[in-house]
Amino acid sequence: MRCFFDTRQLDHAPDRELHNGDWMAYSEKPSRARDIAGQVGCQPGKDFGIAPIMAVHDEDYIAFLQTAWTEWRSNGRAGDAVPYVFPVVHRRDLTLDRIDAKLGRFSYDAGTPIAEQTWDAAYWSAQTALTGLDAIRQEGAAHAFALCRPPGHHAGRDYLGGYCYLNNAAIAAMQAHNQGMGPVAVLDVDYHHGNGTQDIFYENAEIFFASIHADPSMDYPFYWGHADETGAGAGTGATLNLPLPRGTGWPVYQAALETAGQAVRAHGSKLLILSFGADTFEGDPISHFKLTREDFTRMGETIASWQLPTLIVMEGGYAVDDLGRNVAAFLSAFRA
Ligand code: SP5
Ligand code: ZN
């Protein structure tokens, strides 16, 4: 298994996040990626430039990400840039300069700060995903693992949230589609619904999106991921949501995974992009499923049995002491 990671991804290090009305240590720590890299062994990626990122994200959003921290500091603020006002109440789509106005315009939660190195780390995280894709396309690898961090699946075309800034899986899926590697399917097995990926491809008939996640009536991100969200316009029917209750263990999870696998194959997919979060682990500090390390190997075996070229893109997983071994257990199923 080819594994890719760029050490510049470690430089994104927000100090704290707003959680349950108070400041807590940021869960999406650099040590997550260090632990995984220590277990699986990775090589640095290549640089495919900004164009594949711009194929998914809006230009004004990218410009915002590149300058937000500097603008925050030049306005005399300390710490990391955090939004506090959001134009969601049917306010006009104004283009404003004030940093606080822009933070609200391009964020949907207050738990995803922008720190000094956020843009650089997110850029290299996206390049890591593109490098994994390139290994499949150019070298004919059956599988590749992109150790993306910061993660990506909550980021939309013009918004950040859920510890995500650039949507690594969507960037790779769009690049694959544009390179004629499709039909492409994105399957998201992170504990949380992949709302950014869903939004990006919601009206797209050619890129199929399926997600298995905690029922959003109970868990983050709440406003996306319900079973009746199935795509719109030309993309009607090309989105599949399989929400599961808190406490879900392997037998129920496995049944949902088989359902998703059948849908992926029914789409005629020639490439699978897997948004892999290890926050479905029983010991995850912010999640409520009950998968064990052995279950991660079973999950990998099930997905590998579909025999599709598969790019595995890292998303969440916060049980730092177990994370590397859980990811290694999952990847061990992908031989050849
Ligand atoms: C990629 C991913 O898994 N994002 C998940 C984002 C969830 N954010 C909301 C949950 C907040 C929990 N905060 C706990 C802070 C304790 N350090
Ligand atoms: Zn997650």
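What you are looking at is a predicted structure, and each value in this text was computed from that prediction instead of being measured. First listed ligand is number 1; within each ligand, the first listed atom is number 1.
- If you number the atoms of ligand 1 from 1 as listed, the ones under 4.0 Å from a heavy atom of Asp190 come out as 3 (O).
- Residue contact annotation: His153 places no N/O/S atom under 2.8 Å from the Zn ion (ligand 2).
- Taking the six-membered ring where tryptophan is involved, the planes of Tyr220 and Phe222 are perpendicular, since the angle between them exceeds 60° and thus also 30°.
- If you number the atoms of ligand 1 from 1 as listed, the ones under 4.0 Å from a heavy atom of Gly162 come out as 1 (C), 2 (C), 4 (N), 5 (C), 6 (C).
- Atoms of ligand 1 lying under 4.0 Å from at least one heavy atom of His153, given by number and element, are 1 (C).
- Closest heavy-atom approach to atom 11 (C) of ligand 1 among the candidates His192, Glu315, His19, Arg16: His19.
- At least one heavy atom of Ala25 sits under 4.0 Å from some atom of ligand 1.
- Not one N/O/S atom of Glu315, from backbone or side chain, sits under 2.8 Å from the Zn ion (ligand 2).
- Nearest to the Zn ion (ligand 2), among the N, O or S atoms that Asp279 has, is OD2.
- A donor-acceptor contact closer than 3.5 angstrom links the side chains of His12 and Thr118.
- Residues His192 and Asp279 bring a donor and an acceptor atom of their side chains to less than 3.5 Å of each other.
- In this structure, Glu28 does not count as a contact residue of ligand 1, since none of its heavy atoms falls inside 4.0 Å of the ligand.
- Below 4.0 Å from some heavy atom of Asp279 lie the following atoms of ligand 1, by number and element: 3 (O).
- Within the 4.0 Å heavy-atom shell around ligand 1 one finds Tyr318.
- Between the Gln9 side chain and the Ala122 main chain, no donor and acceptor come within less than 3.5 Å of each other.
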Audit row: Ile53, Leu166, side-chain contact (heavy atoms from CB on, under 4.5 Å) steps and yes/no: CA-CA 8 Å; Ile53 296 172; Leu166 297 177; 4.0 Å; yes
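- In the model, Thr131 has no side-chain atom that pairs as donor or acceptor with a side-chain atom of Asp134 under 3.5 Å.
- Using a 4.0 angstrom heavy-atom cutoff, Ser27 counts as in contact with ligand 1.
- The Zn ion (ligand 2) is the vertex of the angle joining ND1 of His192 and OD1 of Asp190, which measures 110° to the nearest 10°.
- For ligand 1, the atoms closer than 4.0 angstrom to any heavy atom of Pro151 are 1 (C).
- Ring-plane geometry between Tyr108 and Tyr159 is classed as perpendicular, the angle between the planes exceeding 60 degrees on a 0 to 90 degree scale with a lower cut at 30.
- Looking at Tyr26 next to ligand 1, no N or O pair under 3.5 Å apart turns up.
- In this structure, Glu71 pairs ionically with Lys102, as a charged nitrogen and a carboxylate oxygen lie closer than 4.0 Å.
- A donor-acceptor pair under 3.5 Å is formed between the side chain of Tyr191 and the backbone N or O of His288.
- In this structure, the protein non-hydrogen atom closest to atom 7 (C) of ligand 1 is Tyr220 CD2, 3.7 Å.
- Judged purely by atom type and a 3.5 angstrom limit, Glu203 has no side-chain atom pairing as donor or acceptor with the backbone of Gly235.
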